Amino acid sequence: MIIGNHIIHLGSVFSTSNYLKDMANCATEGTVVLADQQTQGKGRFGRSWFSNSGSLTFSLLLQPKLPMQSLLMFTLFPAVSVVKVLRAFQLFAGLKWPNDILLNGKKIGGILVERIASEHGHNLIIGIGLNLHQSANEFPEELSQAGSVFSESGRLLERENFFKAVLRQLDSDYELIQKTNDVTHVKKEWLTFCAHLNQSITVTFQNQRLTGEFLGITNKGTAQVATQNKVFEITNVTELCLRSPHVTRN
Ligand code: BTN
């Protein structure tokens, strides 16, 4: 086991990702930092990440032995692992590009991937935030798209048990990637769980708002969106809005 070989469980911390970043030079690969409470959780695009006692927030350190051109695809694997676990718990979660986790069209989880400087190989901090136990009215008003496993399914998953299941799945998916040096299967798995494949979506791309059909993922790990005139390739730093979110049972 690589992921979870060393778990640091903190009561309260600013951000599990920042904590892990600060100790990354002396941490072994697979180290996990789990916090009961984050006081300054970070989301994508410099946003803050809302969490409370109903959340599961943790970060892990990974050093994949992959060529640079495989890294984008690699960053999609943790969200796939989380969805596999949710589905094993009979929760039909889906994915929104690049790694938002949806249940009933509500965002119940997000993943922040950060690269830190390293002299040899890649050093990645994968921060995972999942809303497990919140009621719908616990989320701030501005997070109208947020939900939790409980608010969307009425299920109260046991946090420790679920966390361990996620770590096991992440570890087994990561082990396969490390053994084979191959990430091509991530694309297929990600698309199986995609909540908006071949649907109309809106993205902000190079300061333009584009509406088009989400066609899928390229072998580089970018997404393809077809507008009337052109097919655009968007990276994981592009934000995507669903026009009519729904999750299919695959
Ligand atoms: C997103 O914006 O969708 C990504 C959210 C990632 C939140 C997690 S919670 C654990 C880790 N620590 C942080 O400060 N952020 C990530």
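Note that ligands are numbered from 1 as they come in the structure, with each ligand's atoms numbered from 1 the same way. Along the sequence shown, the residues carry numbers beginning at 1. If you're wondering where the values come from, they're calculated on a predicted model, not measured in any experiment.
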Between [X] and [Y], is there a shared hydrophobic cluster once you connect ILVMFWY residues whose side-chain heavy atoms come closer than 4.5 Å?
X	Y	result
Y19	L124	no
I217	I201	yes
I126	L20	no

query: Is R168 paired with D173 through a side-chain N to carboxylate O contact shorter than 4.0 Å?
result: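 The answer is no: the pair does not qualify as a salt bridge.
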- prompt: With ring centroids as reference points, do H133 and F150 lie under 6.0 angstrom apart?
  reply: no
- request: Kindly tell me which protein residues have any non-hydrogen atom under 4.0 angstrom away from an atom of ligand 1, grouped by chain and ordered by number?
  value: S15, T16, S17, Q38, G41, K42, G43, R44, W49, T57, F58, S59, D100, K107, G110, I111, L112, G127, I128, G129
- request: Please name all residues satisfying ring pair (Phe, Tyr, Trp, His ring centres under 6.0 Å) with F162, sequence neighbours left out, ordered by chain then number.
  value: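 F89.
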